[in-house]
Engineer: 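Pasting a structure below so you can have a look.
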There are 4 protein chains.
Amino acid sequence: MSDREDQLVGEFPLIPKQERAQLKRDLLLKSGHELFILKGYEHTTAKEIAAHAGVATGTFYRYFSDKRQLLMSLLEDRIEMFMPPEPKWGVSDPETTLAGLLESHDKRLKEMGLQRLLPELVAKDAEFAQVLASGKRKIFTRILSGIKLANDKGLTWTDLDLNTVTWSLMTLAEHTPEKMKQCGIQTDYHEVAKVICRLIFPPEVIIKLRTCGTADEEENDI
Amino acid sequence: MSDREDQLVGEFPLIPKQERAQLKRDLLLKSGHELFILKGYEHTTAKEIAAHAGVATGTFYRYFSDKRQLLMSLLEDRIEMFMPPEPKWGVSDPETTLAGLLESHDKRLKEMGLQRLLPELVAKDAEFAQVLASGKRKIFTRILSGIKLANDKGLTWTDLDLNTVTWSLMTLAEHTPEKMKQCGIQTDYHEVAKVICRLIFPPEVIIKLRTCGTADEEENDI
Amino acid sequence: MSDREDQLVGEFPLIPKQERAQLKRDLLLKSGHELFILKGYEHTTAKEIAAHAGVATGTFYRYFSDKRQLLMSLLEDRIEMFMPPEPKWGVSDPETTLAGLLESHDKRLKEMGLQRLLPELVAKDAEFAQVLASGKRKIFTRILSGIKLANDKGLTWTDLDLNTVTWSLMTLAEHTPEKMKQCGIQTDYHEVAKVICRLIFPPEVIIKLRTCGTADEEENDI
Amino acid sequence: MSDREDQLVGEFPLIPKQERAQLKRDLLLKSGHELFILKGYEHTTAKEIAAHAGVATGTFYRYFSDKRQLLMSLLEDRIEMFMPPEPKWGVSDPETTLAGLLESHDKRLKEMGLQRLLPELVAKDAEFAQVLASGKRKIFTRILSGIKLANDKGLTWTDLDLNTVTWSLMTLAEHTPEKMKQCGIQTDYHEVAKVICRLIFPPEVIIKLRTCGTADEEENDI
DNA sequence: GATGAATGAGGGTTCATTCAT
DNA sequence: AATGAATGAACCCTCATTCAT
């Protein structure tokens, strides 16, 4: 808010209306986001979201028809952030690369925190589940096509189903942080990366990739 | 609670009563279970649980201090059923064995349905999350010890962290059914089993296990 | 309330449940009735009705799905009381009889007071309007048949449409009290009765009825 | 209010402004009128009235202190239109004349529609009820004086109270359209006119008026 | 003057929990 | 023990009215 105001100091006396409205909408989104993470979706009330955003209850309803719609908006903006990262294979050591991706992905997720809410909502809201599933399918397809490229070059296991491998990869990446804590072990991104790489590549391929990674000109988007 | 204590005092003068009480408690547990699955935890009311169990609203509160406690009881009884199965390695083809275990595990989960509720609750109830995590740790330990046995015999990958492998195994088993559907692919238990086995055993070990499985006397509980 | 309790004193220790529920329902009906009259339907809240009945808000919703339903119940019980009275002609002086009927009818209406609400509701609630209209039609039919009897005996005007006469009669009876005040004149039931009688009977018939009313054995229910 | 006062100061320096303001005021009155009829007074919001008039919400409050005041203004302008017509007796056939008046009166009412709202408001707003009653009294007085003229000429019933007759006449005229439908009969203006005439004039007077109506030079405003 | 975003009191309704019977 | 009516705090949402722009 003050950013934008500062930005305009000495230039325009007023912030355009639309922008101010957008600002309030964003405040509410942020507020909802924070409270959903803090207390869970069901335990957050519209009144609280408004109060925490510093606006009146009624203002909430100017921008969102209800709590659910706020959440939907939250997700439409950010759904891709909930998804596993898209590593590039064949660039130096794939395990190290992947470990870095996992770590930064998890950090982003932690900042957002919303992924803790997703299952709660999927269970209760069919429409929401669809939105989420369609996002997942998009990511899935992208990862799968990356793995297929590696497969075409004969780099992957030949006896595993690529769909299943892709799904495993996504699942492991998605649950890395919370789940490992639940089992009482420390999250070691590099070990997870090694496991995930083992799902895709035979050990000798990984060694090859590790040694001649940069020599290999081709980058494979996965 | 005090019921059971009474039960142990003086043989069985009150057992019929106790039995009836236990019956009611079970009816309520069953009713709560069904409704939680059907409508979600937050959207199920105590009145409904009582009505669906065929008892009065007030009776609910004789057996459970509140809705949350009913859920806790539900989980204490059944938490192990939410956990991944414990395969026995070295018994015939490990992939086929595992595929069968995965399938039956998923069937049990589907029958119970409660796992749909878990994330909703974990997000909101720290105590509940602890109960769940402790259950998971128990399973984790059991699986890990099984893998360690295999490791002692030189059957597993030597370059992967066994904790991480165990966690991956659990994660994949746990999410097999719902998650695969979300990505738009059919659940093929045998392919998942192959992927999981690849996490544990190098391919040549699997071939060996497959051919001399029954010859290998030792059963490894995992 | 105390009536029923007294009735049972020394016989039964408790008032049957059903009866107590009915009692509460009646309390709420009474409370709603009073407040609707006092403040108008729209300006009366469910909360107020409950408070005024001495029960909690939630109790209101145990007995009525909402405010509208309470009103409907109020009317189903009493709709006939809102209707014009049913005079018996040919019994002594018809004008005096009618005047008495008008007066007692108005008293009843005043006690109930609900008729002040009717137009407000008719205007806004089609279903309600139907309920009311069907009640009116019932009364209309009864009055009309009474007038037809008088007509068969050649007692009425021969050049007036009986339907229209009946309607006029009802309309005048219904609006006697409030409307006369609005025009700044005192309500004189006997004068209204004379006017209404003039609508039905020619003057000479009225004189005849007045003199030989009791001699005329036949009573005509109208 | 002060607008008009200003208008009279110094000829017309501000009249264009005034005119625009008056225009807006009229737009709002029209809009309120339409929506009150469509949805009822309580169910029409200030925002809607403004939007439907094509102005901003705030503008509403520049011209009216609140919703109620808009309605009052609406009525002050038009209260006479809600009143029964003022027939002229002794001009040709009084029954036909009256029938025509009734019909055109009803048409005007239907166009305006506001009379559906009146009872809702009378019930809740004492001041409003007064405004309405004073309007009615005005009409009442005018009709009464007309009837008195006829009375002076010996044309009316001699045994009926003129106040009561006048009131009956107004009441019947006012309720002709809606009420007859409620009773399930068709509105036949000519029959109603005959009934109303019978209240005022003995049959022989009507015949006389009918035959020598135009011969009778005097027009009686009622 | 005009605008329409913002306000927040208040209405309708639900439901976890209690308690008289 | 069992019942289910009663409770009332708290939820969601609306809308008359204000006020900065």
Side-chain angles (χ1 to χ4, degrees), chain A residues 13-18 20-21 23-25 42-51 53-68, chain B residues 3 14 17-18 20-21 24 42-51 54-68 70, chain C residues 13-18 20-21 23-25 42-51 53-68, chain D residues 3 14 17-18 20-21 24 42-51 54-68 70:
Chain A
L14 341 142
I15 301 159
K17 254 175 209 168
Q18 273 203 336
R20 284 210 300 137
L23 240 45
K24 268 219 165 126
R25 217 188 104 97
E42 293 287 352
H43 286 4
T44 301
T45 71
K47 219 178 189 158
E48 282 172 332
I49 295 171
V55 302
T57 318
T59 305
F60 178 94
Y61 290 94
R62 169 167 292 285
Y63 294 102
F64 303 97
S65 64
D66 55 19
K67 215 173 38 160
R68 195 172 157 281
Chain B
D3 300 16
L14 295 166
K17 237 183 224 170
Q18 303 298 338
R20 266 199 293 139
K24 282 225 164 124
E42 294 287 351
H43 291 81
T44 301
T45 71
K47 203 177 184 176
E48 283 171 330
I49 295 171
V55 303
T57 318
T59 305
F60 179 95
Y61 288 90
R62 173 159 294 282
Y63 294 101
F64 303 96
S65 66
D66 54 22
K67 212 170 51 157
R68 192 173 155 282
L70 184 145
Chain C
L14 342 142
I15 301 158
K17 254 175 211 170
Q18 274 204 336
R20 283 212 300 139
L23 241 43
K24 254 193 186 151
R25 216 187 104 98
E42 294 286 353
H43 288 4
T44 302
T45 71
K47 250 176 183 144
E48 283 171 331
I49 296 171
V55 302
T57 319
T59 305
F60 179 93
Y61 290 95
R62 169 167 293 283
Y63 293 102
F64 303 97
S65 65
D66 54 20
K67 215 173 40 162
R68 192 172 159 283
Chain D
D3 299 16
L14 295 166
K17 237 183 224 169
Q18 302 298 337
R20 267 199 293 139
K24 285 229 162 120
E42 294 288 351
H43 291 82
T44 302
T45 72
K47 201 176 185 177
E48 283 171 331
I49 295 171
V55 303
T57 319
T59 305
F60 179 95
Y61 288 91
R62 175 159 292 283
Y63 294 102
F64 302 96
S65 65
D66 55 21
K67 211 169 54 157
R68 193 174 155 282
L70 184 146

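Convention: sequence-line order gives letters A, B, ...; per-chain numbering from 1. As the structure is a computational prediction, the values presented were derived from the model and not from experiment.
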Engineer: With the side chain of D:R62 defined as its heavy atoms from C-beta on, choose the nearest nucleotide among F:dC13, E:dA2, E:dA16.
Structural biologist: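 So the nucleotide nearest the side chain must be E:dA2.
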Engineer: Rounding to a whole Å, what distance do you find between D:I49:CD1 and F:dA16:P?
Structural biologist: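 Answer to the nearest Å: 8 Å.
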Engineer: Could you check how far NE2 of D:H43 sits from P of E:dG12, rounded to whole Å?
Structural biologist: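 About 10 Å, once rounded to whole Å.
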Engineer: Quick one: stems involving DNA chain E, counted as three or more successive Watson-Crick or G-U pairs, both distances short of 3.5 Å.
Structural biologist: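 Output for stems: E:2-21 with F:2-21.
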Engineer: Heavy atoms from C-beta onward define the side chain here; which of F:dA2, F:dT3, F:dA6 lies closest to that of B:V55?
Structural biologist: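 Taking heavy atoms from C-beta onward, the closest nucleotide is F:dT3.
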Engineer: How many Å lie between CG on C:D66 and C1' on E:dT14, as a whole number?
Structural biologist: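 One finds 14 Å between C1' of E:dT14 and CG of C:D66, rounded.
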Engineer: Within this structure, what is the CG-to-P distance between C:L23 and F:dA5, rounded to whole angstrom?
Structural biologist: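 Rounding to the nearest Å, CG of C:L23 and P of F:dA5 are 14 Å apart.
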Engineer: Identify, between B:G58 and A:G58, the residue whose nearest nucleotide on DNA chain E lies closer to the 5' end.
Structural biologist: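 Closest to the 5' end, via its nearest nucleotide, is A:G58.
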Engineer: If you look at every heavy atom in C:Y61 and C:A46, which pair is closest and at what distance?
Structural biologist: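 For C:Y61 versus C:A46, the nearest heavy atoms are OH-CB, 3.4 Å.
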Engineer: Take atom CD of D:E42 and atom P of E:dG12, then tell me their distance rounded to the nearest Å.
Structural biologist: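 Distance check: D:E42 CD to E:dG12 P gives 11 Å.
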Engineer: A:R25 has an atom CZ; how far is it from atom P of E:dA5, in whole Å?
Structural biologist: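 Those two atoms, CZ and P, are 14 Å apart.
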Engineer: Any idea which heavy atoms bring D:L70 and D:F60 closest together, and the distance?
Structural biologist: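 Between these two residues, the closest heavy atoms are CD1-CE1, 3.5 Å.
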Engineer: CD of C:E48 versus P of E:dT13: gap in Å, rounded?
Structural biologist: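 In whole Å, E:dT13 P and C:E48 CD are 14 Å from each other.
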Engineer: Choose from F:dA16, E:dT17, F:dT3 the nucleotide whose nearest atom is closest to any side-chain atom of B:T57.
Structural biologist: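 From the listed options, E:dT17 comes nearest.
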Engineer: Minimum heavy-atom separation for A:E48 and A:H43, please, with both atom names.
Structural biologist: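 Closest pair (atom of A:E48, atom of A:H43, distance): OE1-O, 3.6 Å.
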Engineer: When you measure from the side chain of D:Y63, which nucleotide among E:dA2, E:dT13, E:dA16 comes out closest?
Structural biologist: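 Comparing E:dA2, E:dT13, E:dA16 against the side chain of D:Y63, the answer is E:dA2.
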Engineer: Do you know the tightest heavy-atom contact between B:A50 and B:A56?
Structural biologist: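 Taking B:A50 first and B:A56 second, the nearest heavy atoms are CB-O, 3.5 Å.
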Engineer: Between F:dA6, E:dT7, F:dA2, spot the one nearest the side chain of C:K24, thanks.
Structural biologist: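 Comparing F:dA6, E:dT7, F:dA2 against the side chain of C:K24, the answer is F:dA6.
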Engineer: Quick check: on DNA chain F, is the nucleotide nearest B:T59 upstream (toward 5') of the one nearest A:F60, or the reverse? Name the residue that is more 5'.
Structural biologist: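 Upstream on the strand: B:T59.
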Engineer: Which nucleotide sits closest to the side chain of C:K47: E:dG1, E:dT13, F:dA16?
Structural biologist: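 Nearest to the side chain of C:K47 among the choices is E:dT13.
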Engineer: Side chain of D:A46 only, please: which of E:dA5, F:dA16, F:dA2 is the nearest?
Structural biologist: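 Out of E:dA5, F:dA16, F:dA2, the nucleotide with an atom closest to D:A46's side chain is F:dA16.
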Engineer: Counting side-chain heavy atoms from C-beta on, which of E:dT17, E:dT3, F:dA16 comes nearest to B:Y61?
Structural biologist: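 That would be E:dT17.
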Engineer: Can you identify which nucleotide, out of F:dC15, E:dT3, F:dG4, has its nearest atom closest to the D:T45 side chain?
Structural biologist: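 Taking heavy atoms from C-beta onward, the closest nucleotide is F:dC15.
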Engineer: If you round to the nearest 0.5 Å, how far is NZ of D:K47 from CD1 of D:I49?
Structural biologist: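 So the CD1 of D:I49 and the NZ of D:K47 are separated by 13.5 Å.
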Engineer: Shortest non-hydrogen contact from B:K67 to B:T44?
Structural biologist: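 For B:K67 versus B:T44, the nearest heavy atoms are NZ-O, 3.0 Å.
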